[in-house]
Amino acid sequence: MRILSSDVVSHIGETVRIEGWLHKKRLLGGLTFINVRDRRGLTQVVIKDKDEVEKLRGLQIGTVLAVEGVSTEEPRAPGGAELHDAKLEIMVPVTDEPPIEIDKPIQHKAENLDTLFEYRTLNIRNLQEQKIFKLRGSLTRSIRQFLDEHEFTEIDTPKLLAGATEGGAEVFKLDYFGKEATLAQSPQFYKQMMVGAFERVYEIGHSYRAEPSATSRHLTELTMLDIEMGFVSGHEEVLDMVGDMTQHVLREAYDKHGDDLKSLNAPDLKLPADGKVPRFTVAQIHEMYTKATKNDTTKEKDLIPDEEKWICEYARKELGSDLVFATEFPIEAAKFYHMVDAERGVVFWGDLLFRGLEIATCPLREHNYDKMIEQMTKAGLDVEHPGYKYYLQAFRYGLPMHGGCGFGIDRLVEKTIGLANVKEATLFPRDINRLAP
RNA sequence: GACUCCGUAGUGAAGUGGUUAUCACGCCUCCCUGUCACGGAGGAGAUCGCCGGUUCAAAUCCGGUCGGGGUCGCCA
């Protein structure tokens, strides 16, 4: 009967069996230590019998083996216990030398990320590397819990679409039984349609963008949290919801995984004392940034990357918040589905910035059918195209005022840990240059 | 897409014109009874990304090419 590494300490004096991977050998002559890795972590095994040590000759790290031994209390052992009088059983011998070392810190230097992904299958066996993805799983679990508690219905929407749904980002086109299909750039239209049924919906799924963007914050296949909420009173309510959720999720991550985050060198978490994520309009940020840096951005419609970093540093230092909203984007930035404030020349659109990076966009949508037709026609879109026709049905037959967000999970993980590149937060990243593994 | 930087053993790095290309980790052999990034001695392992050029001489300089990084642009 197999027990797991973390349970060895609770079987002192008993003969137990562990199964796992050979993680490390240390031969000290008459005494050999090996570490065996399983899904919970490592077990230290002490081997004195020469014949048992000999079983390991020629076998590399990664060898799958079982060890039977006496669980022994030992303060010098990691975890306070280790196995003595070990009998080894080799289950899957590995004789090829692994191309990288997995028992030491895995390099995340920008210029070596290519090697990181080339040997992802192996470096993910590194316990430190695993923490990134355990944290990622924990973050999405926490998001689901929060949204479930707030009566959001989780949905799944198709990623194969009949056509480009919007003029903005580049789409991947593919052959679909002789017809042209595209990969979804976001579940936006579907989640809006579902507001007409469930009021509140969310989806955690993949989106695909054919942007030729070679930067540290772009992926061609990304994981998005998409939220849409009906019967909102206005943009403020959308911003509050996303702000509250993000604070809750971050606080929970730091509570549950504080040690892991510390060992990953994550920054301390700073959240606003009053629980309200500070917000600045784009115009305000341009003004503040221009004044502080003498670099005039007042003519820009969007925030430039350096402004995102600057306002985040400002918010952390002056307002004690790692989160900040940039709101009221100029009307020129509006897409046809956005609700605009024509009088003030702004669009109800807020970007949530976290530690220097945009992690979510939170707009209010236009929900009036006639106005949608008007805005789409103005944008030069064919309202009869299957990509829009069914979308518009939802508006025609009644949608309340609604808004939500597209929230980049990869970026959230990246910035929570303090990684330098969004790809480091992704198991098998897809970018302009990489399609495997 | 633009600009810019970089390609050297399995991995990470040093080497800016001159004998046999240096180091660390890993690997192999031997020694080592409390290691935990163990330690010690020895060894194997590199057509210096590729093609061409300059030169008596090229990892090093030049051109091209392929691959990668960073920044910007683009970006639901």
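Every chain is numbered from 1 and lettered A, B, ... according to where its sequence line falls, protein lines coming before strand lines.
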Would a 4.5 Å heavy-atom cut-off, applied to side chains only, mark Leu303(A) and Glu358(A) as touching?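 Heavy-atom side-chain distance check fails, nothing below 4.5 Å.
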Do Ser207(A) and Leu222(A) make a side-chain contact, defined as non-hydrogen atoms from C-beta onward lying under 4.5 Å apart?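 With C-beta onward as the side chain, the pair touches.
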Check the phosphate of [N] against [X], side-chain N and O only, distance under 4.0 Å to OP1 or OP2. Yes or no?
| X | N | result |
| --- | --- | --- |
| Asn433(A) | rG69(B) | yes |
| Lys109(A) | rA13(B) | yes |
| Thr215(A) | rC74(B) | no |
| Arg57(A) | rC28(B) | no |
| Lys48(A) | rU33(B) | no |
| Gln185(A) | rC74(B) | no |
| Arg76(A) | rG34(B) | no |
| Asn112(A) | rA13(B) | yes |
| Asn35(A) | rU35(B) | no |

Can we say [X] and [Y] salt-bridge, meaning some charged N sits less than 4.0 Å from an Asp/Glu carboxylate O?
| X | Y | result |
| --- | --- | --- |
| Lys415(A) | Asp322(A) | no |
| Arg279(A) | Glu328(A) | no |
| Lys159(A) | Glu203(A) | yes |
| Lys371(A) | Glu374(A) | no |

Among the candidates [options], find the nucleotide nearest to the side-chain atoms of [X].
| X | options | answer |
| --- | --- | --- |
| Glu211(A) | rC38(B), rC75(B), rC27(B) | rC75(B) |
| Thr115(A) | rG10(B), rC75(B), rG12(B) | rG12(B) |
| Leu31(A) | rG70(B), rU35(B), rU33(B) | rU33(B) |
| Lys104(A) | rU71(B), rA37(B), rG34(B) | rA37(B) |
| Glu101(A) | rA13(B), rG26(B), rG70(B) | rG26(B) |
| Ile304(A) | rG73(B), rG10(B), rC74(B) | rG73(B) |
| Arg217(A) | rC72(B), rG12(B), rC27(B) | rC72(B) |
| Leu28(A) | rG26(B), rG69(B), rG34(B) | rG34(B) |

Using atom [atom1] of each nucleotide, how far apart are [N] and [M] to the nearest Å?
| N | M | atom1 | result |
| --- | --- | --- | --- |
| rA57(B) | rA24(B) | P | 34 Å |
| rA46(B) | rA21(B) | C1' | 9 Å |
| rC5(B) | rG42(B) | P | 42 Å |
| rG43(B) | rC23(B) | P | 11 Å |
| rU16(B) | rU33(B) | P | 45 Å |
| rC72(B) | rU60(B) | P | 32 Å |
| rA2(B) | rA58(B) | C1' | 32 Å |
| rG49(B) | rG68(B) | P | 16 Å |

Which one is paired to [N], where only Watson-Crick or G-U wobble pairs with both distances under 3.5 angstrom count?
| N | answer |
| --- | --- |
| rU4(B) | rG69(B) |
| rA57(B) | none |
| rU29(B) | rA41(B) |
| rU11(B) | rA24(B) |

Between Glu74(A) and Ile61(A), which has a closest nucleotide on RNA chain B that is more 5'?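 Nearest nucleotide further toward 5': that of Ile61(A).
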Map Glu358(A) and Asp431(A) onto RNA chain B by nearest heavy atom, then report which one ends up closer to the 5' terminus.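 Of the two residues, Asp431(A) wins.
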Under 4.0 Å, heavy atoms only, any strand: does Asn123(A) hit a base, just the sugar-phosphate, or nothing?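 Nothing, no nucleic acid heavy atom in range.
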Which part of the nucleic acid does Pro305(A) contact within heavy-atom distance under 4.0 Å: base, sugar-phosphate only, or nothing?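 The answer is sugar-phosphate, as Pro305(A) gets under 4.0 Å only of primed atoms, P, OP1 or OP2.
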What integer distance in Å separates [X]:[atom1] from [N]:[atom2]?
| X | N | atom1 | atom2 | value |
| --- | --- | --- | --- | --- |
| Lys301(A) | rC75(B) | NZ | C1' | 11 Å |
| Arg26(A) | rG40(B) | CZ | C1' | 17 Å |
| Leu113(A) | rU11(B) | CG | P | 15 Å |
| Tyr119(A) | rG68(B) | OH | P | 15 Å |
| Ile106(A) | rC25(B) | CD1 | P | 17 Å |
| Asp96(A) | rG26(B) | CG | P | 19 Å |
| Glu97(A) | rG45(B) | CD | P | 14 Å |
| Asp302(A) | rG73(B) | CG | P | 9 Å |

Below 3.5 Å, does any donor atom in the side chain of Gln44(A) face an acceptor in the base of rU35(B), or the other way round?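 Looking at the base of rU35(B), it does pair with a donor or acceptor on the side chain of Gln44(A) (distance under 3.5 Å).
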So, does the side chain of Glu82(A) form a donor-acceptor pair with the base of rG34(B) at under 3.5 Å?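 By the distance-only test, yes, there is a pair.
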Is a donor from one side chain sitting under 3.5 angstrom from an acceptor on the other, for [X] and [Y]?
| X | Y | answer |
| --- | --- | --- |
| His286(A) | Thr298(A) | no |
| Gln192(A) | His402(A) | yes |
| Lys131(A) | Gln128(A) | yes |

